[in-house]
Each structure stands twice: as C-alpha cells, then as structure tokens.
Colleague: 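Following this message is one structure expressed as structure tokens.
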Amino acid sequence: MSKKDEGENMAAWLLGIKTLKIQPYPLPPLGPHDVRVRVKALGICGSDVHHFKTMRCANFIVKKPMVIGHECAGVIEEVGSGVKSLQVGDRVALEPGISCRQCDLCKSGRYNLCPKMKFFGSPPTNGSLANKVVHPADLCYKLPENVSLEEGAMCEPLSVGVHACRRANISPETRVLIMGAGPIGLITLLAARAFGSPRIVIVDIDDCRLSIAKSLGADETVLVSTNIQDLSKEVELIQNAMGCGVDVSFDCVGLNKTMSTALNATRSGGKVCLIGLAQSETTAPLTPTAAREVDVIGIFRYRNTWPLCLELLRTGKIDVKPLITHRFGFSQKEVEDAFETSAGGGNAIKVMFNL
C-alpha cells in the first residue's frame, strides 16, 4: 500500500441534491475507549436515499456537506488505550448512534430517543461511507465466525425489525400484517417470523415486491392501490387473507393511506406499529381506532439490538442474504450508480458497497 493510500482517508460526501463526491475525510484522534475501523461493507438505507434526493429526511435537514451512510461493518485497525474487549483484526458490526449517556432517556435505557444523539449520516453528524471511521468500542460488536461482513452491515436494518417486534410483543400467538414490502417491510417480515409469528400477511402496490415477500416466507400477499377510495375494499381483502383477526400491524411506509389501512384492518384490542416515516405529518382515523382500543406504537430506530441480531444470523434463524440485490465498489462512478440504483426502487432491495 502506498503512503498516500495509508495517509488519506476518503469518504463519500453529499454536497447537494443528487451530488455525491469522494473527497478526503480526516479522522478525529483515537480516544482511549475508541477503535479505528476499516469499513468493508456498507448498505444504502431509505433515509440515505431521501438525503441524496432531497437533502432531508423527515425533520432532519442537510445544511452543509456531510459524509453519508450508516449501515456498516468492518475490521478493527487500531484500539484505544482503554479498550480491552476488542483487538486489531476483529471483524465488527457498528451500531451507528452515539447517545449522550447522561440524560433521563439514556439513563432509563431508552437511549434511541436521546435528544443529543450523534448518528452516522444523520445531519449534522458525518456518516460511515468511508475507508475508515473512529467509533466507540462499546458500539462495535464482534461478528461470529459464520457471519459475513455484509451480514454484519445488515444488523442495522434488521435492528429496526427486531426493535419493532419487541415493542409489539410479537410471539407465536401474534398474527401480523405488514404494510409495505420495501427493505424494512421485508426485514420486519423476517424478524416477526423469528419471533414466532404463525401467520404474516404483507401488502404492497408492487407485484414484484410481493413475490419477493412470498419467497421470504410471507403466508399471503395483497396487492393494493394508492387510491384512498379503495381502502374499505382492501381492508376486507386483508382480513380475508389473514383468515382471522390481525393482532399487530406494522406500517413500514408511513402514508395517510397505509396508516389508515393498518388502523382499520387491525382487530379491536390489537396494536399498530408505525415504523415508516414517509410523511412528516399524516391524517388517520384515530377516533374510531381509540373506540376499539387499538394501541398505536411509535418506532424510532432501535436500542440494545445488536447482540440478538448477531445471534439470529449466527444460528440461521434469519437469513438476510437474499435481501442484498446489488453490489458496488467504492469509486466515484460506483457511488453515483449505487445511489441511483437504490433511489430507482424496482428490483433493488438492499444495495451494498464492498470497500
């Protein structure tokens, strides 16, 4: 390796709408409890695509150039003087959010809601689509021998599904409806099955996505439209597909229609989990929902999920490999092509960089 390669850390910077450029990214000094990781695998998330296309995702707005990306795994190159749990050469999956660890939410264990959270690639914090990053050692989880670096990077989206299933208490008695067969909908399908759900129905506007959901183990799929006028007819189709009451619905989209469908399709006394954040504000029929005692549960990222995700991957209870549909290297052209591929949707589920 030449001196230039050794010295210069490069990263993919988001400079403007649909404008990504690989540029130098100087790393901060290594603290006693930090590690330096050479990033080897990184997946593109829906939030990355929102930032790429519009320079914002919900209320998070990109105001200055920012390194993008947060679903990552890599190999440890250097450890801080106080790090005992990891060593050089260890393959690790990185949990991308650094909470303050001092506020009431952090202290009560709900650190994903920390108001001072510094999260890779969420403005104004730089992300991890880079040759190397510095990160706290306790947020780097050693990969089991039979879990690849790509699967390690998939722990991040899988964590969303695992956190949602925990919040909704999914068990072998829970019949599940999933709105949306995008990456998070499909991950939630895998997680709900691993948590024991005996029957899962998944809904989407795209036949191609539904056939992928079927291949990943969905019991039934329902093709729906974007037209709110079709809602009551579609609710009936969903309930017929389930064959009995929907105990828990996961809305992995976050539009007025998907939310209203989930609320209407769920049985009295059931739960609706809001995972997708497609709109910053939605209108939904909450009064009739309240009258049926349907619980509405918010989901924001995850907490304390990496050990379980790695165990689910190690034991083969979840296989995320079929979700990785496209792979790219880390050159200027490939970074641009990868984001265009991911933004295009279609048959692209998880677009992965191999660095």
Colleague: Within a 6.0 Å radius of atom NZ on Lys116, are there more than 12 heavy atoms belonging to other residues, nucleotides or ligands?
Modeller: no

Colleague: Look at the side chain of Glu173 and the backbone N and O of Gly196, then say whether any donor-acceptor pair between them is shorter than 3.5 Å.
Modeller: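 Checking the backbone N and O of Gly196 against the side chain of Glu173, no donor-acceptor pair under 3.5 Å is found.
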
Colleague: Under a 3.5 Å distance rule, please check whether Ser342 uses its side chain to pair with a backbone N or O of Ala338 as donor and acceptor.
Modeller: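 Here the side-chain-to-backbone pair does not exist.
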
Colleague: Indicate the atoms forming the closest heavy-atom contact of Pro157 with Ala153, along with that distance.
Modeller: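 What the structure gives for the nearest pair is CD-O, 3.6 Å.
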
Colleague: Check Asn304 against Gly109 and note the closest heavy-atom contact, atom names and distance.
Modeller: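 What the structure gives for the nearest pair is ND2-O, 4.2 Å.
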
Colleague: Assess the residue pair Ile187 and Met154 against the criterion (side-chain contact (heavy atoms from CB on, under 4.5 Å)); give the C-alpha distance rounded to whole Å, side-chain angles, the decisive distance to 0.1 Å, and a yes or no.
Modeller: CA-CA 10 Å; Ile187 281 269; Met154 291 293 287; 4.2 Å; yes

Colleague: Thinking salt bridges, do Lys271 and Asp295 make one under a 4.0 Å N-O criterion?
Modeller: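 So Lys271 does not pair with Asp295 through a salt bridge.
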
Colleague: Could you go through Phe328 and Asp337, starting from their C-alpha distance and side-chain angles, then the distance that decides it, and tell me whether this counts as side-chain contact (heavy atoms from CB on, under 4.5 Å)?
Modeller: CA-CA 8 Å; Phe328 290 88; Asp337 289 350; 3.7 Å; yes

Colleague: Just checking, is any N or O donor in the side chain of Ser225 or Glu234 under 3.5 Å from an acceptor N or O on the other one?
Modeller: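 Indeed, the side chains of Ser225 and Glu234 share at least one donor-acceptor pair under 3.5 Å.
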
Colleague: Are side-chain N/O atoms of Thr282 and Asn256 paired as donor and acceptor at under 3.5 Å?
Modeller: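 No, no side-chain donor-acceptor contact under 3.5 Å.
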
Colleague: Distance alone, cut at 3.5 Å: any donor-acceptor contact between the side chains of Thr174 and Ser171?
Modeller: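 Yes, Ser171 and Thr174 have a side-chain donor paired with an acceptor closer than 3.5 Å.
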
Colleague: Do Leu231 and Val222 sit in the same hydrophobic cluster, where Ile, Leu, Val, Met, Phe, Trp and Tyr count as joined when their side-chain heavy atoms come under 4.5 Å apart?
Modeller: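 No, Leu231 and Val222 fall in different hydrophobic clusters.
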
Colleague: Any donor and acceptor pair, going by atom type alone, linking the side chain of Arg167 with main-chain N or O of Gly298 inside 3.5 Å?
Modeller: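 Flag set: sc Arg167 to bb Gly298 pair under 3.5 Å.
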
Colleague: Can the ring centres of Phe120 and His135 be said to be less than 6.0 Å apart?
Modeller: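 Judged by ring-centre distance (under 6.0 Å), Phe120 and His135 do meet the cut-off.
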
Colleague: Answer yes when Arg314 and Glu311 have at least one side-chain N-carboxylate O distance shorter than 4.0 Å, and no when they do not.
Modeller: yes

Colleague: Is the shortest side-chain N to carboxylate O distance from Arg267 to Asp247 below 4.0 Å?
Modeller: yes

Colleague: Determine whether a donor-acceptor pair (N or O, by modelled atom type, separation under 3.5 Å) exists between the side chain of Asn354 and the backbone of Gly329.
Modeller: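 No, the answer is negative, given that no donor and acceptor are paired below the 3.5 Å cut-off.
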
Colleague: Provide the closest heavy-atom pair for Met259 versus Asp251 in the form atom of the first, atom of the second, distance.
Modeller: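 That closest heavy-atom pairing would be N-OD2, 3.3 Å.
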
Colleague: Rounded to the nearest 0.5 Å, how far does SG of Cys309 lie from CG of Leu313?
Modeller: 7.0 Å

Colleague: Taking NZ, NE, NH1 and NH2 as the nitrogens, is one of them in Arg101 or Asp138 under 4.0 Å from a carboxylate oxygen of the other?
Modeller: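 Result for this pair is yes, salt bridge flagged.
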
Colleague: Find the distance between NZ (Lys350) and CD (Glu150) and round it off to the nearest 0.5 Å.
Modeller: 12.0 Å

Colleague: What pair of heavy atoms forms the shortest contact from Ala194 to Leu312, and how long is it?
Modeller: CB-CD2, 4.1 Å

Colleague: Measure across Leu263 and Pro285 and return the closest heavy-atom pair with its distance rounded to 0.1 Å.
Modeller: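 Smallest interatomic distance, heavy atoms only, reads CD1-CD, 3.9 Å.
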
Colleague: Determine the minimum heavy-atom distance between Ala93 and Gly152, stating which atoms define it.
Modeller: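 Reported closest heavy-atom pair: CB-O, 3.5 Å.
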
Colleague: To the nearest 0.5 Å, what is the distance between CZ on Phe119 and CD1 on Ile98?
Modeller: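 The CD1 atom of Ile98 is 10.5 Å from CZ of Phe119, to the nearest 0.5 Å.
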
Colleague: Roughly how far apart are Glu156 CD and Arg301 CZ, rounded to 0.5 Å?
Modeller: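 Answer for the CD-CZ pair, Glu156 versus Arg301, is 8.5 Å.
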
Colleague: Should the pair Phe300 and Phe60 be assigned to parallel (<30°), tilted (30 to 60°) or perpendicular (>60°) ring geometry?
Modeller: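 Because their plane-to-plane angle is under 30°, the rings of Phe300 and Phe60 count as parallel.
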
Colleague: Kindly determine whether Met179 and Cys252 satisfy side-chain contact (heavy atoms from CB on, under 4.5 Å), including the steps that lead there.
Modeller: CA-CA 6 Å; Met179 305 297 301; Cys252 301; 5.9 Å; no

Colleague: Ignoring hydrogens and angles, tell me if any N or O in the side chain of Arg193 forms a donor-acceptor pair with the backbone of Ser197 under 3.5 Å.
Modeller: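 Indeed, once roles are kept as given, a pair shorter than 3.5 Å links the two residues.
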
Colleague: Between Tyr302 and Trp306, what is the ring plane arrangement, given parallel below 30°, perpendicular above 60°, and tilted in between?
Modeller: perpendicular

Colleague: Kindly compute the distance separating CE (Met66) from CG (Leu129), expressed to the nearest 0.5 Å.
Modeller: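 Going from CE on Met66 over to CG on Leu129, the span is 11.0 Å.
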
Colleague: When rounded to the nearest 0.5 angstrom, what is the spacing between CG in Leu177 and CZ in Arg199?
Modeller: 11.5 Å

Colleague: Do Trp13 and Phe339 sit in one hydrophobic cluster, given that two such residues count as connected whenever their side-chain heavy atoms are within less than 4.5 Å of each other, even indirectly?
Modeller: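 No, no single cluster joins them.
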
Colleague: Tell me whether the count of non-hydrogen atoms from other residues, nucleotides or ligands lying under 6.0 Å of CD in Glu236 goes above 12.
Modeller: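 Result for CD/Glu236: open.
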
Colleague: Can any side-chain N or O of Arg91 pair as donor or acceptor with the backbone N or O of Val147 at less than 3.5 Å?
Modeller: yes

Colleague: Keeping the roles fixed (side chain from Ser108, backbone from Leu105), state whether a donor-acceptor pair exists under 3.5 Å.
Modeller: yes

Colleague: Is it the case that over 12 heavy atoms from other parts of the model lie below 6.0 angstrom from the CG atom of Asn227?
Modeller: yes

